[in-house]
Structures are given as C-alpha cells and as structure tokens.
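Structure first, commentary second.
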Amino acid sequence: MIFKTIAIGADHAGFETKEKIRNFLETDFPDIKVTDEGTYSSESADYPDFAHRVGEQVSRKSVDGGIVICGSGNGVCITVNKHKGVRGALSWNSEIAALARQHNNANVLCIPARFISDEVGIEMTKVFLTTVFEGGRHAKRADKIEL
C-alpha cells in the first residue's frame with residue numbers, strides 16, 4: 001500500500017461525503033490509519049481551516065497523504081497547495097484521480113462534493129490510494145513543480 005496514513009478534512013458542504021469516505025476507508029482499507037481533521041457536522045464552516053490542517057500534516061510528513069473536500073473542491077485545493085511538499089489535485093472522476101497519481105505524484109485528493117455522487121467520491125479515493133506514481137519522464141516534470 002502506498003499510503004499507510006492519511007488525513008481527511010472537509011467543510012460543511014463536504015461533511016457528508018467525508019463521513020462516507022472515512023467509513024469506506026475504515027471498512028475497506030483497515031490498514032490505513034485515518035486522521036479526521038473535521039468538520040464534524042454540516043453546520044457552516046470555513047474550508048481553509050480544515051484544508052490547512054490536512055496540508056500541514058502532509059507537509060510535515062506526519063501522514064503520507066490526504067483527502068480534502070468542499071463544495072467545488074477548488075477552495076480546499078488552493079489551500080492545501082499553499083503548503084510545502086503538498087501536491088493537491090482536484091478530481092471529478094477516477095481517471096483524473098489516477099492520472100494525478102501516475103503523472104503528477106499528487107499526495108492530496110481534492111473532491112468537489114456538490115458535483116459528484118458519493119459512489120464516485122469513494123471510487124476516486126480507492127483509485128487515488130492504490131495508484132502508483134510512474135516516475136520516468138514524469139519524475140523530472142513533477143520535480144519542477146515546487147519552487
């Protein structure tokens with residue numbers, strides 16, 4: 001398994017999706033330790049608060065990767081990418097999630113809860129967590145991402 005530890009976080013718009021993905025992980029990937037960074041309800045919450053918590057953990061290498069969720073996916077994606085060493089990828093289907101891992105060595109999956117079904121979110125998570133970075137010609141490009 002590529003990811004042994006992940007942090008997950010969401011705002012109010014992504015709360016229900018986060019809960020379903022977290023439950024899926026606990027059931028289908030019990031060997032992955034999941035740190036839930038909130039939010040813990042569907043009450044209005046600010047996406048940067050949760051995305052920063054996940055981004056900090058990935059940047060510090062406290063976890064191997066992360067999953068962040070908000071309504072459009074854009075807010076959490078922009079936020080996690082402010083952290084050194086984080087490569088967050090906004091994905092809306094499994095093919096994009098796979099390419100983010102294969103070609104970009106992404107370590108945070110960013111999910112747009114209002115634009116996908118829970119089933120798609122779960123499938124993207126599974127693909128993201130099990131897809132290997134291809135390296136090779138993609139490695140030199142991925143190495144150029146960070147300033």
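This is a predicted model, so every value here is computed, not measured.
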* Does some side-chain heavy atom of Asp36 sit less than 4.5 Å from a side-chain heavy atom of Glu19? -> yes
* Should Thr130 and Phe29 count as side-chain neighbours, where that means a heavy-atom distance under 4.5 Å? -> yes
* Co-membership, hydrophobic cluster, residues Ile8 and Ile116, 4.5 Å side-chain -> yes
* Verify same cluster id: Val120, Leu109 (apolar side-chain graph, 4.5 Å) -> yes
* Asked: Is a side-chain N or O of Lys18 found less than 3.5 angstrom from the main chain of Thr39, in a donor-acceptor match?
  -> yes
* Stepwise, does the side-chain contact (heavy atoms from CB on, under 4.5 Å) test hold for Leu129 with Leu25? -> CA-CA 10 Å; Leu129 295 176; Leu25 292 170; 3.4 Å; yes
* To do: Starting from the C-alpha separation in whole Å, work towards a yes-or-no answer on side-chain contact (heavy atoms from CB on, under 4.5 Å) for Asn23 and Lys20.
  => CA-CA 5 Å; Asn23 289 333; Lys20 289 180 179 165; 5.6 Å; no
* Asked: Which residues pass the salt bridge (charged side-chain N to carboxylate O under 4.0 Å, His left out) test with Glu123, sequence neighbours left out?
  -> Lys126
* Considering only heavy atoms from C-beta outward, does the side chain of Asn107 approach that of Val86 to under 4.5 Å? -> yes
* What side-chain hydrogen bond (donor to acceptor under 3.5 Å, both in side chains) pairs are there with at least one residue in residues 90-102, not counting sequence neighbours? -> Arg101-Asn105
* Heavy-atom closest contact (Ile2 atom, Thr131 atom, distance) -> CD1-O, 2.9 Å
* Find out whether Val68 and Thr79 are in side-chain contact, i.e. whether some heavy atom of one side chain is under 4.5 Å from a heavy atom of the other. => no
* Leu90 versus Pro112: any side-chain heavy-atom pair under 4.5 Å? -> yes
* Could you pull out all residues at least two apart from Glu16 that satisfy salt bridge (charged side-chain N to carboxylate O under 4.0 Å, His left out)? => none
* Less than 4.5 Å apart, any side-chain heavy atom of Ile111 and any of Ile21? -> yes
* Is there side-chain contact between Val76 and Asp11, with at least one heavy-atom pair below 4.5 Å? -> no
Using a 3.5 Å cut-off and no angle test, enumerate the donor-acceptor pairs between side-chain atoms of residues 45-58 and protein atoms at least two apart in sequence or in another chain.
| from | atom 1 | to | atom 2 | distance (Å) |
| --- | --- | --- | --- | --- |
| His52 | ND1 | His83 | NE2 | 2.8 |
| Arg53 | NH1 | Glu37 | O | 3.0 |
| Gln57 | NE2 | Glu37 | OE2 | 2.2 |

* Asked: Pairs in or reaching into residues 100-123: which pass ring-ring contact (aromatic ring centres under 6.0 Å, His included), with residues at least two apart or in two chains?
  -> His103-His138
* Are any side-chain N or O atoms of Thr5 and backbone N or O atoms of Asp64, one a donor and one an acceptor, separated by less than 3.5 Å? -> yes
* To do: List for me each residue that meets salt bridge (charged side-chain N to carboxylate O under 4.0 Å, His left out) alongside Arg114, sequence neighbours excluded, and say none if there are none.
  => none
